[in-house]
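Presented below is the structure to which this report refers.
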Amino acid sequence: MQTFGHIIDGQEVQSISGATFPSIDPYTREPWAEIALGGQDDADLAVAAARRAFDEGPWPRMTAGKRRELINKFADLIIEHGEELAMADTRDMGKPITQSLGNDVARTAQNFRFFADHAHLTPADVLPMDSGHHTYTRYDAAGVVAAIAPWNFPMMLESWKVAPALAWGNTVVLKPAEDSPASATILARLALEAGIPAGVFNVVHGYGPDSVGERLTQHPDVDRITFTGESNTGRIIARAAAANLTPVSLELGGKGANVVFADADLDNAISWSIRAIFTNAGQVCLAGSRIYVERPILDEFIERFTAAADAMVIGDPKDPATQIGPLASEEHYTKVRSYFDTIEEVGGTKVTGGLGDGWIVKPTVVTGLDRDAKHQREEIFGPIVTITPFDTEEEVVHEVNDSPYGLNAMLFTENLVKAHRVSGALRVGTVWVNCFFIRDLRAPFGGVGASGVGREGGNFSREFFTEPKAVVMQLEPPVAHPPVVLTGAH
């Protein structure tokens with residue numbers, strides 16, 4: 001059985017208490033690794049190491065070009081160790097190996113390279129003034145960043161947080177999800193191998209409430225908190241951070257709407273719609289879990305979409321042929337199963353779907369649900385999709401916006417004017433038109449409402465992970481002014 005410790009101040013260490021916990025392979029439902037189980041004392045050690053590295057170490061004092069050089073070495077090592085990283089995520093949370101190796105490893109390395117380049121090459125403002133002065137801006141590293149990552153895309157979503165934080169000169173304490181801890185330790189090992197100094201990138205494993213996560217969000221020496229996860233947890237983190245006035249970036253839940261108009265390219269719409277809900281067994285915050293289809297094409301869409309869902313290969317995620325693996329944990333399977341078991345109770349019809357061995361839920365297509373059914377409004381986070389007809393553009397815009405969530409939406413239409421008009425009317429952070437999950441790291445990413453606070457990506461990440469500063473310089477001698485003479489009583 002493999003073992004994974006914390007990485008604190010450049011060393012891989014066990015917990016102060018000596019406690020460990022098993023990481024369970026969701027397919028075999030057996031332990032495959034032993035993980036150091038940290039607590040609040042371990043979190044304190046990691047924050048102290050990150051604080052020293054920021055206050056006294058070379059990382060924030062390096063040129064952006066030198067940091068870029070070391071981060072690119074780190075990215076090279078991620079590619080070199082890609083199979084090890086991919087298998088760690090596959091064994092931790094059941095992601096098909098074709099996704100963890102074919103997509104996540106490359107995207108993780110790309111994220112580090114992009115933000116290293118961005119910090120090195122992005123210009124700041126110089127503002128000449130009529131008064132004989134000029135102002136210029138600086139973007140100084142914020143300090144110690146607490147990054148709390150989810151379990152569904154472990155290394156990739158960790159890199160969305162860690163990469164910009166490091167590139168701008170911060171130090172980091174990463175708490176990976178307890179259901180997918182292994183790749184975080186591997187990443188921190190590789191960062192040290194690349195020459196990133198001790199204390200700059202720390203990893204502490206453990207739980208959230210009354211443990212590592214809670215301590216990181218309350219710690220007075222943490223300067224930024226970035227979290228991806230469930231909306232209620234995000235609210236708790238925001239309240240904790242408010243006590244120290246610590247800025248937070250929260251990417252929270254979603255209930256992604258997928259709107260298919262009658263003029264859509266149906267082949268393209270079905271291909272993307274299948275990926276949008278069934279990738280990673282539906283365990284995607286951006287999943288297109290509620291599909292709205294314009295009535296003239298409803299029957300054809302359901303028939304062809306269902307056939308594509310039924311054709312997906314279900315099995316061992318370590319098998320390259322597998323497209324759908326198990327859900328990530330027994331706890332999560334129980335949650336998704338509760339939605340599956342109540343479809344008929346709330347008035348729905350299962351067009352296709354079922355339960356497999358162990359923690360597998362087969363791709364499930366549901367029709368006939370009322371707009372207020374919990375399956376239409378709550379984030380299921382599994383391979384269950386609802387299909388609902390609509391008749392007018394105004395109707396479907398209202399349906400999409402009638403949600404507590406506002407992370408993303410999709411539109412499928414060949415009408416360019418309609419695409420722009422509807423995209424502008426939707427209250428979400430991202431709209432994909434005739435595609436899904438295409439991310440340009442220069443663009444803002446985040447949600448509205450219960451889907452989060454703030455944006456990351458490009459200059460949005462720069463402003464979150466730095467302290468923007470104005471410097472005002474006098475260029476000309478000051479103009480002599482006559483003395484002010486005060487008269488009268490005062």
For Gly39 and Val212, the nearest pair of non-hydrogen atoms, with its separation, is O-CG2, 3.6 Å

Counting only heavy atoms not in Arg295, do more than 12 fall under 6.0 Å of its CZ? yes

Charged tip of Lys350 within 45° of Phe340 ring normal and under 6.0 Å: yes

Any carboxylate oxygen within less than 4.0 angstrom of a Lys/Arg side-chain nitrogen, looking at Lys362 and Asp310? no

Check the pair Thr386 / Thr367 against side chain to side chain contact (heavy atoms under 4.5 Å, CB included), numbers first and verdict last. CA-CA 6 Å; Thr386 64; Thr367 60; over 6 Å; no

Using a 4.5 Å cut-off on heavy atoms from C-beta on, say whether the side chain of Pro404 contacts that of Arg377. yes

In terms of heavy-atom contacts, does CD of Glu344 have more than 12 from other residues, nucleotides or ligands at under 6.0 Å? yes

Salt bridge or not for Asp299 and Arg304, using N-O below 4.0 Å? no

Hydrogens and angles aside, do Gln99 and Thr279 bring a side-chain donor and acceptor to less than 3.5 Å of each other? no

For side chain to side chain donor-acceptor pair (under 3.5 Å), just list the numbers for Ser23 and Gln2, CA-CA rounded to whole Å, side-chain angles, deciding distance to a tenth of an Å, and then say yes or no. CA-CA 10 Å; Ser23 183; Gln2 297 187 47; over 6 Å; no

Are side-chain heavy atoms of Arg189 and Glu12 found at a separation under 4.5 Å? yes

Determine yes or no for a side-chain-to-main-chain donor-acceptor pair under 3.5 angstrom, with Ser231 supplying the side chain and Ala450 the backbone. yes

Check Asp42 with Arg215, please: is the shortest side-chain N to carboxylate O separation under 4.0 Å? no

Go through Cys435 and Ile438 one step at a time and tell me if the side chain to side chain contact (heavy atoms under 4.5 Å, CB included) criterion holds. CA-CA 7 Å; Cys435 60; Ile438 304 300; 4.2 Å; yes

On the six-membered ring of Tyr27, is Lys318 placed so that its NZ or CZ lies under 6.0 angstrom from the centre and within 45° of the ring axis? no

Does a side-chain heavy-atom distance below 4.5 Å link Trp272 with Asn258? no

If you look at every heavy atom in Ala119 and Ala167, which pair is closest and at what distance? CB-O, 3.4 Å

Is the side chain of Thr171 donor-acceptor paired with the backbone N or O of Ala50 at a distance under 3.5 Å, no angle test? yes

CZ of Arg427: more than 12 outside heavy atoms within 6.0 angstrom? no

Short question: side chain of Asn202, backbone of Val172 - any donor-acceptor pair under 3.5 Å? yes

Side chains of Asn170 and Leu166 in contact at under 4.5 Å (non-hydrogen atoms): no

Nearest heavy-atom contact between Pro317 and Lys95 is CB-O, 3.6 Å

Electrostatic pair Arg29-Glu330, nearest N-O below 4.0 angstrom: no

Sub-4.5 Å side-chain heavy-atom contact between Thr352 and Thr364: no

If we only count heavy atoms from C-beta on, is the Val260 to Tyr292 side-chain gap below 4.5 Å? no

Whether His118 and Phe114 hold their rings parallel, tilted or perpendicular, with breakpoints at 30° and 60°: parallel

Are any of the side-chain nitrogens in Glu393 or Arg421 under 4.0 Å away from the carboxylate oxygens of its partner? yes

Is the backbone of His332 close enough, under 3.5 Å, to the side chain of Ser329 for a donor and an acceptor to pair up by distance? yes

Can you confirm whether more than 12 heavy atoms, excluding those of Asp357, are under 6.0 Å from its CG atom? no

Assess, by modelled atom type and distance only, whether the side chains of His6 and Thr185 contain a donor and an acceptor separated by less than 3.5 Å. no

Please check: side-chain N/O of Asn280 versus main-chain N/O of Asn152, any donor-acceptor pairing under 3.5 Å? yes

So, Ser159 side chain and Met156 main chain: donor-acceptor pair closer than 3.5 Å or not? yes

What verdict does the side chain to side chain contact (heavy atoms under 4.5 Å, CB included) test give for Glu399 and Arg371, after you've listed the backbone C-alpha separation in whole Å, the side-chain angles of each residue and the deciding distance to 0.1 Å? CA-CA 8 Å; Glu399 292 289 331; Arg371 61 183 291 182; 3.6 Å; yes

Is any NZ, NE, NH1 or NH2 atom of the basic residue among Asp25 and Arg91 found under 4.0 Å from an Asp or Glu carboxylate oxygen of the other? yes

Got more than 12 heavy atoms from elsewhere within 6.0 Å of CD, Glu303? no

Side chain to side chain donor-acceptor pair (under 3.5 Å) between Thr90 and Ser100, worked out: CA-CA 7 Å; Thr90 290; Ser100 55; 2.7 Å; yes

CD (Glu395) with more than 12 external heavy atoms under 6.0 Å: yes

Pairing of Lys255 and Glu378 as salt bridge, 4.0 angstrom limit: no

Please work out which of the three classes, parallel, tilted or perpendicular, describes the rings of Tyr207 and Phe21, given edges at 30° and 60°. tilted

Nearest atoms (heavy-atom pairs only) where Pro326 meets Ala281: O-CB, 4.5 Å

Is there a side-chain contact between Val105 and Ile78 in this structure, where contact means two heavy atoms from C-beta onward sitting under 4.5 Å apart? yes

Side chains of Glu331 and Thr334: is there a donor and an acceptor less than 3.5 Å apart? no

Side-chain touch Pro181/Asp92, heavy atoms, less than 4.5 angstrom: yes

For Phe460 and Phe465, run ring-ring contact (aromatic ring centres under 6.0 Å, His included): C-alpha distance rounded to whole Å, both residues' side-chain angles, the deciding distance at 0.1 Å, then the answer. CA-CA 9 Å; Phe460 299 89; Phe465 289 112; over 10 Å; no

Test side chain to side chain contact (heavy atoms under 4.5 Å, CB included) on Leu187 and Phe201 and set out the steps. CA-CA 9 Å; Leu187 285 174; Phe201 181 16; 4.2 Å; yes

From CG (Leu190) to NE2 (His81), nearest 0.5 Å: 5.0 Å

Backbone of Gly446 reached by a side-chain donor or acceptor of Glu251 within 3.5 Å: no

Between the main-chain N or O of Val144 and the side-chain N or O of Asp223, is there a donor-acceptor pair closer than 3.5 Å? yes

Determine, stepwise, if the pair Thr322 / Asp316 fulfils side chain to side chain donor-acceptor pair (under 3.5 Å). CA-CA 6 Å; Thr322 293; Asp316 185 345; over 6 Å; no

Using modelled atom types and a 3.5 Å cut-off, is there a donor and acceptor pairing between side-chain atoms of Asp402 and backbone atoms of His398? no

Please check: side-chain N/O of Asn72 versus main-chain N/O of Arg68, any donor-acceptor pairing under 3.5 Å? yes

Lys/Arg cation over aromatic Trp160: Arg439, 6.0 Å, 45° cone: yes

Please find the pair of heavy atoms, one from Leu85 and one from Ser183, that lie closest to each other, and give the distance. CD2-O, 3.8 Å

Could you walk me through whether Ser249 and Lys161 pass the side chain to side chain donor-acceptor pair (under 3.5 Å) test, one step at a time? CA-CA 10 Å; Ser249 176; Lys161 301 173 181 304; over 6 Å; no

Tell me whether the rings of Phe301 and Phe305 are parallel (<30°), tilted (30 to 60°) or perpendicular (>60°). parallel

If every non-hydrogen atom of Glu158 is compared with every non-hydrogen atom of Ala149, which pair is closest and at what distance? CG-CB, 3.4 Å

